[in-house]
Amino acid sequence: MNKLQAILIDDESSSRNSLRQKILAYCPGIEIVAECENGEDGLKAIEEKKPDIVFLDVEMPRMNGFTMLQQLKNRSFELIFTTAYDHYAIKAIRCSALDYLVKPVEVDELKESVRKAREKREQNTPNARVETLLHNLLDEKSLHSRLAIPSMEGLQFIETGAIIYLEAKSNYTEIFVKDLPKITVAKTLKEFDELLPSFAFVRIHHSYLINKNHVLKYIKGEGGQVLMCNGAMLDVARRKKEEFMKAIGY
């Protein structure tokens, strides 16, 4: 098994030391080729070393991890963010199908992140996930943000505003998107409820998460029903009715 070359970028020496020790002890398939304490040095190291994986701290003085990424010309490496807390951008990172580790890094989570990075690296596909992340950070409050959907071929990127509704099917979710075929994903509806912007998406039933901008009609009842723009008629659960009515401003 070929070793993957990695760069660690973190302004805290204690965090770099801890991560280095865990990689050396538990990830024999990783070779650390550079360590950097700021974004400027990180840029130079990435351009020079052309690593397979970059472990990148989210918050650093002068130039944070996202600003550093924006300045890179070549983003063909696998990216694993590290953060000391539940950072505001974690949702954007997850929407982009990128990985992150919360400090202090747990060994099992590190090993799993490295395993996924190797798997993606072996697929040898362009890292459009980084571009998606940067786009989403710029459009944090916009329905033009993108969601990376796992597919048999890799990843499918769709605008969140084009999603009409999502339906739970056991441990799977069916996603109905405007002008596209139905997409089935091996994720729960709860996971999508946490990812998608709450200003547009509302849970109306244990089986349905809808984009309120695609509702054509609400039909009164104990809970009622909504008619979506694709012709689907969906039940509103009685316990979700008040939340739905508030979401549509009624």
Side-chain angles (χ1 to χ4, degrees), residues 1-13 15-60 63-83 87 89-90 92-137 146 148-157:
M1 181 172 65
N2 294 330
K3 285 197 172 188
L4 298 180
Q5 296 191 328
I7 291 178
L8 316 185
I9 306 173
D10 194 318
D11 65 298
E12 297 178 353
S13 59
S15 294
R16 290 198 313 276
N17 293 338
S18 175
L19 182 56
R20 183 199 318 114
Q21 289 168 6
K22 288 171 182 174
I23 290 173
L24 292 175
Y26 301 103
C27 304
I30 298 292
E31 177 189 3
I32 300 171
V33 295
E35 295 185 32
C36 308
E37 63 181 5
N38 56 60
E40 293 89 342
D41 290 346
L43 287 171
K44 294 174 188 174
I46 290 171
E47 293 294 346
E48 180 185 333
K49 301 290 186 181
K50 297 180 172 51
D52 299 298
I53 302 178
V54 172
F55 292 87
L56 179 60
D57 186 21
V58 172
E59 284 297 338
M60 294 183 289
M63 182 188 292
N64 67 27
F66 304 129
T67 305
M68 196 203 82
L69 285 173
Q70 285 175 322
Q71 295 191 22
L72 274 172
K73 296 175 183 175
N74 182 5
R75 307 185 187 116
S76 60
F77 48 83
E78 288 304 317
L79 183 60
I80 300 174
F81 285 103
T82 59
T83 176
H87 196 272
I90 291 299
I93 291 170
R94 291 177 61 204
C95 277
S96 309
L98 289 163
D99 216 348
Y100 70 95
L101 296 166
V102 176
K103 297 185 255 184
V105 173
E106 295 287 339
V107 169
D108 287 344
E109 292 178 1
L110 170 63
K111 289 164 70 175
E112 177 61 13
S113 289
V114 168
R115 183 196 67 77
K116 288 189 289 187
R118 176 174 289 279
E119 192 176 87
K120 290 171 184 172
R121 197 70 182 159
E122 288 172 352
Q123 291 171 357
N124 198 29
T125 53
N127 199 345
R129 287 163 285 132
V130 175
E131 281 68 29
T132 297
L133 168 68
L134 296 175
H135 173 88
N136 287 349
L137 289 170
R146 297 179 192 134
I149 304 291
S151 68
M152 293 295 289
E153 296 79 23
L155 290 170
Q156 182 174 354
F157 296 90

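Since this is a predicted model, take the numbers as computed values, not measurements.
Of the candidates Arg129, Lys120, Lys116, Arg118, Lys116 is the only one forming a salt bridge (charged side-chain N to carboxylate O under 4.0 Å, His left out) with Asp99. The only member of Leu24, Leu110, Ile53 that meets side-chain contact (heavy atoms from CB on, under 4.5 Å) when paired with Ile30 is Ile53.
Atom CG of Leu56 and atom CE of Met68 lie 4.5 Å apart (nearest 0.5 Å). The line from OG1 of Thr67 to CG of Leu134 is 9.5 Å long, rounded to the nearest 0.5 Å. In this structure, Thr82 OG1 and Glu12 CD are separated by 9.0 Å, a value rounded to the nearest 0.5 Å. Rounded to the nearest 0.5 angstrom, Glu31 CD and Leu4 CG are separated by 10.0 Å. Between the CZ atom in Arg94 and the CD1 atom in Ile90 there is a gap of 9.0 Å [rounded to 0.5 Å]. For the atom pair Lys111 NZ and Cys27 SG, the distance stands at 7.5 Å (nearest 0.5 Å).
Using a 4.5 Å cut-off on side-chain heavy atoms (C-beta onward), Thr132 and Leu98 make no contact. In this structure, Asp10 and Phe55 have side chains that are not in contact, with every pair of non-hydrogen atoms separated by 4.5 Å or more. Lys49 has its side chain out of reach of Gln5: every pair of non-hydrogen atoms, C-beta onward, lies at least 4.5 Å apart. Contact annotation: the side chain of Ile93 approaches that of Leu133 to within less than 4.5 Å [non-hydrogen atoms, C-beta and beyond]. Side-chain contact between Lys73 and Glu47 is present, with heavy atoms from C-beta onward closer than 4.5 Å. Considering only heavy atoms from C-beta on, Ile9 comes within 4.5 Å of Met60 through its side chain. With contacts defined as side-chain heavy-atom distances shorter than 4.5 Å, the pair Phe81/Leu79 qualifies. Counting heavy atoms from C-beta outward, Val105 and Ser18 have side chains that stay 4.5 Å or more apart.
Closest approach of Pro51 and Phe77 over heavy atoms only: O-CB, 3.4 Å. In terms of heavy-atom proximity, Ile23 sits nearest to Leu8 at CD1-CD2, 3.9 Å. Considering all non-hydrogen atoms of both residues, Val58 and Asn64 come closest at O-CB, 3.2 Å. Closest non-hydrogen pair, Ala34 versus Ala45, comes out as CB-CB, 4.2 Å.
Partners of Asp52 according to the side-chain hydrogen bond (donor to acceptor under 3.5 Å, both in side chains) rule, which considers only residues two or more places apart in sequence or in another chain, are Arg121. For Glu106, there are no side-chain hydrogen bond (donor to acceptor under 3.5 Å, both in side chains) partners two or more places apart in sequence or in a different chain.
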- Query: Taking it one step at a time, do Met63 and Asn38 satisfy side chain to side chain contact (heavy atoms under 4.5 Å, CB included)?
  - Reply: CA-CA 7 Å; Met63 182 188 292; Asn38 56 60; over 6 Å; no
- Evaluate the criterion side chain to side chain contact (heavy atoms under 4.5 Å, CB included) for residue pair Leu101 and Ser113; output intermediate values, then yes/no. CA-CA 8 Å; Leu101 296 166; Ser113 289; 3.4 Å; yes
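Under 4.0 Å is where a charged nitrogen must lie from a carboxylate oxygen, and between Lys44 and Glu40 no such pair does. Using a 4.0 Å cut-off between a side-chain N of Lys or Arg and a carboxylate O of Asp or Glu, Arg16 and Asp57 do not qualify as a salt bridge.
Here the side chain of Asp41 pairs no donor or acceptor atom with the backbone of Glu37 at under 3.5 angstrom.
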